[in-house]
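Everything on this sheet refers to the single structure shown next.
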Amino acid sequence: MRALLAAVLVAGVFAAPAHALTYEEKLPACLACHGEQGISETSEVPSLAGMPADFTLIQLFLFRQGTRKIEIMNDLAKDMTDDDLRKFAAYFAKLTPPKASGDAADPAIGARAQSVIAKNYCSSCHNPDFSGREQMPRLAAQREDYLLKALRDYKAAKRPGYDATMDEVIRPITEADIVDLAHYLARLR
């Protein structure tokens, strides 16, 4: 039902008059996929609540420029002004971040994930609590399926960034490491 609602809202946005839609007119389409409070219930769609504003701003810019390719996001962002990008980024940054999903991480998986984190200095960019900062995303309590997708996309060089840091960090990360990291971070309280 939620997917149908999202499709109707998005179709309504794209069927709108030829003038560029305002921030207020586009926000319902964003919330249809990313969740009413910025907490996604849609497979492989990130929760944006509590995401650092700089991160969201840069991602929207990459979508607008077509550098980062996700068709629905490219279509929504293509006529956004710089001010629109800042408004969306500020809106989601002010929302309460999601709570960790499910039970606590399996202890063995958690230990393996923490080892990968320490070896690759993940917490130096994403913060020790993985709340994110500046242009680095919040990873704590993010959707596990989205974390899997994002990390796999980085590993396969399918997700362009604005610097080479993640390209370098992800190289030694194995598929097993990705699965462990996604499990651990999704449950991080």
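Sequential numbering from 1 along the given sequence is applied to the chain's residues.
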Trace of the side chain to side chain contact (heavy atoms under 4.5 Å, CB included) decision for Cys30 with Phe92:
CA-CA 10 Å; Cys30 298; Phe92 285 108; 4.2 Å; yes

Evaluate the criterion side chain to side chain contact (heavy atoms under 4.5 Å, CB included) for residue pair Phe61 and Thr67; output intermediate values, then yes/no.
CA-CA 9 Å; Phe61 176 80; Thr67 305; over 6 Å; no

Glu144 vs Arg187, side chain to side chain contact (heavy atoms under 4.5 Å, CB included): CA-CA, chis, key distance, verdict:
CA-CA 8 Å; Glu144 185 170 357; Arg187 290 161 178 79; 2.7 Å; yes

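Taken from CG in Leu76 to NZ in Lys78, the straight-line distance is 9.0 Å, to the nearest 0.5 Å. Atom CG of Asp84 is separated from atom CG of Leu21 by 9.5 Å, given to the nearest 0.5 angstrom. The OH atom of Tyr154 sits 10.0 Å away from atom OG1 of Thr165, with the distance rounded to the nearest 0.5 Å.
A donor-acceptor distance shorter than 3.5 angstrom exists from the side chain of Asp106 to the backbone of Ile109, with no hydrogens or angles considered. Between the His126 side chain and the Leu139 main chain, no donor and acceptor come within less than 3.5 Å of each other. Looking at His34, its side chain does come within 3.5 Å of a backbone N or O of Pro46 through a donor-acceptor pair. Proximity of a side-chain donor or acceptor of Ser40 to a complementary backbone N or O of Thr42 within less than 3.5 Å is detected. Judged by distance alone, the side chain of Glu25 and the main-chain N or O of Thr22 form a donor-acceptor pair under 3.5 Å. At distances below 3.5 Å, not a single donor-acceptor pair connects side-chain atoms of Asp180 with backbone N or O atoms of Asp177. Of the possible polar contacts, none joining the Asn120 side chain to the Cys122 backbone as a donor-acceptor pair under 3.5 Å is found. A donor-acceptor pair under 3.5 Å is formed between the side chain of Asn74 and the backbone N or O of Phe63. A donor-acceptor pair under 3.5 Å is absent between the side-chain atoms of Arg143 and the main chain of Ala186, judged by distance alone. Glu134 places no side-chain N or O within 3.5 Å of a backbone atom of Pro52 that could act as its donor or acceptor partner.
Ion pairing between a basic and an acidic side chain is recognised when a charged N comes within 4.0 Å of a carboxylate O; Asp83 and Lys87 show such pairing. A salt bridge does not link Lys155 to Glu175: none of the charged side-chain nitrogens sits closer than 4.0 Å to a carboxylate oxygen.
Connection of Ile39 to Met73 is not established within any shared hydrophobic cluster, with ILVMFWY side chains joined at heavy-atom distances below 4.5 Å, either directly or through further cluster members. Cluster annotation: Leu181 is not connected to Val169 through the hydrophobic network of ILVMFWY side chains, with a link wherever side-chain heavy atoms come within less than 4.5 Å. The hydrophobic cluster containing Ile70 does not contain Leu148, counting ILVMFWY residues as joined when their side-chain heavy atoms lie under 4.5 angstrom apart, directly or transitively. At a threshold of 4.5 Å between side-chain heavy atoms, the hydrophobic network of Ile, Leu, Val, Met, Phe, Trp and Tyr places Leu188 and Met136 in two separate groups. Linking ILVMFWY side-chain heavy atoms closer than 4.5 Å, directly or via other members, places Val116 and Leu147 in a single hydrophobic cluster.
Between Leu48 and Phe55 the shortest side-chain heavy-atom distance does not fall below 4.5 Å. Residues Tyr146 and Val45 are not in side-chain contact: their nearest non-hydrogen atoms beyond the backbone lie 4.5 Å or more apart. You'll find the side chain of Ser47 reaches within 4.5 Å of the side chain of Arg138, heavy atoms only. With contacts defined as side-chain heavy-atom distances shorter than 4.5 Å, the pair Leu151/Ile173 does not qualify. The closest side-chain heavy-atom distance from Arg152 to Val179 is below 4.5 Å. With a 4.5 Å cut-off on side-chain heavy atoms, Gln142 and Pro98 do not count as touching. Between Lys26 and Met80 there is a side-chain heavy-atom pair separated by less than 4.5 Å. At least one side-chain heavy atom of Leu62 sits under 4.5 Å from a side-chain heavy atom of Ile58.
The number of heavy atoms from other shown groups lying within 6.0 Å of CG (Asp103) does not exceed 12. Open room surrounds CD on Gln37; 12 or fewer heavy atoms of other groups in view lie less than 6.0 Å from it.
Between Ile170 and Asp167 the shortest heavy-atom distance is CG2-O, 3.5 Å. Summarising the geometry of Ala49 relative to Thr96, their closest heavy-atom pair is CB-O, 3.2 Å, with the distance given to 0.1 Å. For Tyr184 against Ala113, the heavy-atom pair with the smallest separation is CB-CB, 3.5 Å. For the residue pair Ala89 and Ala53, the shortest heavy atom distance occurs at CB-O, 3.3 Å.
For residues 44-68, the pairs satisfying salt bridge (charged side-chain N to carboxylate O under 4.0 Å, His left out) are Arg64-Asp82, with sequence neighbours left out.
Residues that satisfy the ring-ring contact (aromatic ring centres under 6.0 Å, His included) test with Phe88, not counting sequence neighbours, are Tyr23. Contacts of Lys149 classified as side-chain hydrogen bond (donor to acceptor under 3.5 Å, both in side chains), with partners at least two apart in sequence or in another chain: Asp153.
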